[in-house]
There are 2 protein chains.
Amino acid sequence: MADVAEAILRSSAIAAQFGIWEERDFDAGRCPMRNVLDRIGDKWTMLVLMALAGEPRRFGVLLRMVPDISKRMLTQTLRLLERDGLVTRHVFATTPPSVEYRLSPLGLSALEPLHALAQWADANFATIRASRARYDDGLARTDP
Amino acid sequence: MADVAEAILRSSAIAAQFGIWEERDFDAGRCPMRNVLDRIGDKWTMLVLMALAGEPRRFGVLLRMVPDISKRMLTQTLRLLERDGLVTRHVFATTPPSVEYRLSPLGLSALEPLHALAQWADANFATIRASRARYDDGLARTDP
DNA sequence: CGGCATCCGAATAGATACTG
DNA sequence: CAGTATCTATTCGGATGCCG
């Protein structure tokens with residue numbers, strides 16, 4: 001029961017947050033949530049952050065760790081993370097050159113909410129899949 | 001200092017999570033995080049969830065609350081949320097018909113990690129903007 | 001009021017080839 | 001090794017019009 005009460009409180013907090021953002025209008029440039037989601041919500045960012053969570057990684061290592069990502073997309077993702085200050089880039093002037101990427105303190109701090117989200121996703125994915133199956137089945141039966 | 005240690009712990013947990021998901025391969029259909037991010041990471045889902053946080057809302061109300069969303073996108077977003085079981089749809093056979101959407105218990109539970117993410121976004125957005133400005137400025141100066 | 005169908009331009013991302 | 005450049009296929013989303 002306590003968690004229901006907490007959920008209600010949270011929903012009020014979210015609703016209030018929505019109100020605040022609404023007043024400042026939701027212009028993508030100024031809304032923090034839209035900005036953050038635009039970044040971590042894309043196809044690869046979250047996987048790259050996770051791959052960097054344990055220790056710094058070199059470009060080629062990341063390329064092999066993150067499944068199916070292309071060099072083009074990995075470069076772009078890393079550049080955007082670097083631009084936002086979540087990741088730092090260190091070039092070692094060896095031959096052949098090697099470049100290491102690591103999470104900044106800011107990037108590390110982002111792992112907290114992202115981990116919470118990951119936990120929720122893991123805990124509720126089965127339920128969601130079941131709901132999808134029911135929904136799709138319902139549609140399928142009414143159609144033919 | 002304690003929070004640094006916690007951050008390290010979290011990063012290990014994330015790295016471990018990555019390893020688990022990696023083994024089961026990250027196929028979009030089977031990876032919980034990719035599924036969840038594919039949903040809440042799109043342009044409108046988060047805003048719709050926030051608009052529904054406080055109380056149930058009718059379609060037309062949502063259309064006015066969420067800035068710049070079109071009927072097409074609102075319908076699509078609500079359908080996907082309904083399919084995943086985060087939102088329930090209630091039709092009232094009045095004339096003209098009215099349809100109410102509300103968060104399910106599952107949807108309510110999702111607000112917790114999302115709220116954490118929203119807090120992080122709000123707290124760190126200024127830092128991120130500053131980082132972007134520095135980065136862009138650095139690029140601008142080296143170019144011409 | 002609450003949708004669905006269609007069209008079309010814009011944005012995304014994969015494939016491929018080339019470079020210091 | 002760590003990128004960059006270019007081209008193209010696909011996806012996304014806005015606009016519009018129609019319906020119960």
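None of the values given here were measured: they were computed from a predicted structure.
Nearer to the 5' terminus of DNA chain C, by closest-nucleotide assignment, is the contact made by B:Phe59 (compared with the other of A:Pro97 and B:Phe59).
Counting to the nearest Å, the P atom of D:dC1 and the CZ atom of A:Arg89 are 16 Å from each other. At whole-Å resolution of the value, CG in B:Asp42 and P in D:dG13 are 6 Å apart. Computed from coordinates, the B:Lys71 NZ to C:dT6 C1' distance equals 14 Å when rounded to whole Å. One can place CG of A:Asp68 at 11 Å from C1' of C:dG14, the figure rounded to the nearest angstrom. C:dC1 atom P lies 17 Å from atom CZ of B:Arg57, rounded to whole Å. Residue A:Phe92 contributes atom CZ, which lies 14 Å from atom C1' of D:dC1 at whole-angstrom precision. In this structure, A:Lys43 atom NZ and C:dG14 atom P are separated by 4 Å, rounded to whole Å. Rounded to whole Å, atom P of C:dG14 lies 10 Å from atom CD of A:Gln76.
Linking Ile, Leu, Val, Met, Phe, Trp and Tyr whenever their side-chain heavy atoms come within less than 4.5 Å leaves A:Leu106 and A:Leu80 in two separate clusters.
For B:Met73, counting side-chain heavy atoms from C-beta on, the closest listed nucleotide (C:dG3, D:dG14, C:dG14) is D:dG14. Relative to the side chain of B:Thr75, the nucleotides D:dG14, D:dG3, C:dG3 differ in distance, and C:dG3 lies closest.
The base of C:dT6 sits within donor-acceptor range of the side chain of B:Arg72, with an N or O pair under 3.5 Å.
In this structure, B:Tyr101 reaches the sugar-phosphate backbone alone: every heavy-atom distance under 4.0 Å involves primed, P, OP1 or OP2 atoms, never a base.
A donor-acceptor pair under 3.5 Å is absent between the side-chain atoms of B:Ser131 and the main chain of B:Thr127, judged by distance alone. The backbone N or O of B:Gly54 lies less than 3.5 Å from no partner atom in the side chain of A:Ser11, so there is not a single donor-acceptor pair.
Within the 4.5 Å cutoff, the side chain of B:Val99 has heavy atoms near those of the B:Arg89 side chain.
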